[in-house]
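Here's a structure for you.
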Amino acid sequence: QQKEFSVAALMRILAGAVMPMVERLARKKSRRKKRSFISKALQNKADDHLVKLARASHFYEVWEESVYGVHLPHLLHYDDRNSMSNSMEGRMPFLDHRIAEHVAKINPNDFFVKGESKNLLRRACADLLPDKVLKRKDKIGFYTPLQDMLKRDVLWIEKVLTSYKDIDKFIVPDVWKSDVAFFKSNEHSVERSLRLWRVLSFVVWMQTFQIDTNEF
């Protein structure tokens with residue numbers, strides 16, 4: 001995926017190189033802020049030691065965090081759940097261990113050459129793809145119309161959330177109520193959409209599996 005670094009990202013990388021401990025503390029604070037919509041009782045159940053923060057200036061630490069801790073586990077989980085729920089068998093050919101082992105030995109600089117991402121993959125497929133595909137720079141991931149879905153079904157979402165008697169025990173009331181009101185007014189916000197989706201998923205999961213909440 002073609003990606004341009006924002007000023008904030010560049011500043012973070014610079015801070016990671018010059019003041020690595022300060023940068024990592026700032027990143028940890030940012031992660032904690034993202035879960036501030038969760039009640040203190042539930043937050044106290046989390047183990048912060050399970051979350052490892054790679055040094056932003058260290059390629060292999062960032063790569064390892066992405067592969068083993070963040071992106072790859074999530075993508076594999078989603079692929080497995082989505083394919084199995086539709087009685088399909090998913091395949092990820094680039095995850096063949098022989099390819100992964102070979103790629104791990106390649107110099108990181110060879111992946112990004114003269115501002116062009118996926119350099120090796122483009123060269124390997126040069127005789128198989130048209131120039132329009134080979135040289136494109138606007139590639140993005142699969143788009144999920146999450147905000148559209150939330151706005152369309154916001155009344156149903158409100159009904160589900162308010163029907164769960166223990167919601168305020170786990171989710172900060174002012175936050176989820178504010179997010180519901182936000183989408184009822186037909187506004188747009190990526191941050192709010194991701195948060196409301198997580199709240200909805202959590203509540204549906206708790207209700208579906210009748211999770212005992214007495215220990216909280």
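What you are looking at is a predicted structure, and each value in this text was computed from that prediction instead of being measured. All values below were derived from every heavy atom in this structure, side-chain atoms included, with hydrogens, water molecules and symmetry-related copies excluded.
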Which heavy atom of Gln147 sits nearest a heavy atom of Ser189, and at what distance?
OE1-N, 2.7 Å
Val204 meets the side-chain contact (heavy atoms from CB on, under 4.5 Å) criterion, sequence neighbours left out, with Val160, Leu200, Thr208
Can you sort out the partners of Phe209 under side-chain contact (heavy atoms from CB on, under 4.5 Å), two or more places apart, ordered by chain and number?
Trp205, Ile211
Which distance, rounded to the nearest 0.5 Å, do you find between the CG of Asn44 and the CD1 of Ile38?
11.0 Å
Does a side-chain heavy-atom distance below 4.5 Å link Thr162 with Trp176?
yes
Partner residues of His71 under the side-chain contact (heavy atoms from CB on, under 4.5 Å) criterion, sequence neighbours left out
Ser66
Between Met92 and Leu76, is there a side-chain heavy-atom distance shorter than 4.5 Å?
yes
Partners meeting side-chain hydrogen bond (donor to acceptor under 3.5 Å, both in side chains) with Asp80 (sequence neighbours left out):
none
What distance separates Asp166 CG from Thr213 OG1, expressed to the nearest 0.5 Å?
3.5 Å
Is it true that Leu42 and Leu161 fall in one hydrophobic cluster, defined by side-chain heavy atoms closer than 4.5 Å?
yes
Does Phe111 share a hydrophobic cluster with Ile99, counting links as ILVMFWY side-chain heavy atoms below 4.5 Å and allowing steps through other members?
yes
Rounded to the nearest 0.5 Å, what's the gap from CG on Asp110 to CZ on Phe112? Could you check?
13.0 Å
Of all residues at least two apart in sequence or in a different chain, which pass the side-chain hydrogen bond (donor to acceptor under 3.5 Å, both in side chains) check with Asn82?
none
Value for CG (Leu72) from CD (Glu64), rounded to nearest 0.5 Å, stands at 12.5 Å
Under the side-chain hydrogen bond (donor to acceptor under 3.5 Å, both in side chains) test, which residues partner His97, sequence neighbours left out?
Glu101
Do you know the tightest heavy-atom contact between Asp79 and Gly90?
OD2-CA, 4.1 Å
Kindly work out whether a path of hydrophobic side-chain contacts (I/L/V/M/F/W/Y, heavy atoms less than 4.5 Å apart) joins Ile106 to Phe94.
no
Say you draw a straight line from CG of Leu129 to NZ of Lys135; how long is it, rounded to the nearest 0.5 Å?
12.5 Å
Hey, could you give me each pair passing salt bridge (Lys or Arg N to Asp or Glu O under 4.0 Å) that has a residue in residues 190-205? Not counting sequence neighbours.
Asp179-Arg192, Asp179-Arg195
Between Val175 and Val190, is there shared hydrophobic-cluster membership here, with clusters defined by ILVMFWY side-chain heavy atoms closer than 4.5 Å?
yes
Over all heavy atoms of both residues, which pair between Leu146 and Leu194 is shortest? Give the atoms and the distance, please.
CD2-CD2, 4.0 Å
Find out whether Ser117 and Arg122 are in side-chain contact, i.e. whether some heavy atom of one side chain is under 4.5 Å from a heavy atom of the other.
yes
Of all pairs that satisfy salt bridge (Lys or Arg N to Asp or Glu O under 4.0 Å), the ones with a partner from residues 81-99, not counting sequence neighbours
Glu89-Arg91, Asp96-Arg98
When rounded to the nearest 0.5 angstrom, what distance separates CG in Leu134 from CD in Glu116?
7.5 Å
Looking at every heavy atom in both Ser36 and Val172, which two are closest together, and how far apart are they?
O-CG2, 3.7 Å
Set of ring-ring contact (aromatic ring centres under 6.0 Å, His included) partners for Tyr164, sequence neighbours left out:
none
Apply side-chain contact (heavy atoms from CB on, under 4.5 Å) to Pro130 and list each qualifying residue two or more places apart in sequence or on a separate chain.
Val133
Hey, any chance Val67 and Leu75 share a hydrophobic cluster, counting ILVMFWY side chains that come within less than 4.5 Å of each other, even indirectly?
no
Strictly by salt bridge (Lys or Arg N to Asp or Glu O under 4.0 Å), give each pair with a member in residues 152-164 just once, sequence neighbours left out.
Glu158-Lys184
Asn107 side chain to Asn109 backbone, donor-acceptor under 3.5 Å
yes
Close side-chain approach of Met206 to Val203, heavy-atom, < 4.5 Å
no
If hydrophobic residues (ILVMFWY) are linked whenever their side-chain heavy atoms come closer than 4.5 Å, directly or via other members, who joins Met84 in its cluster?
none
Side chains of Trp197 and Thr144: closer than 4.5 Å at any heavy-atom pair?
no
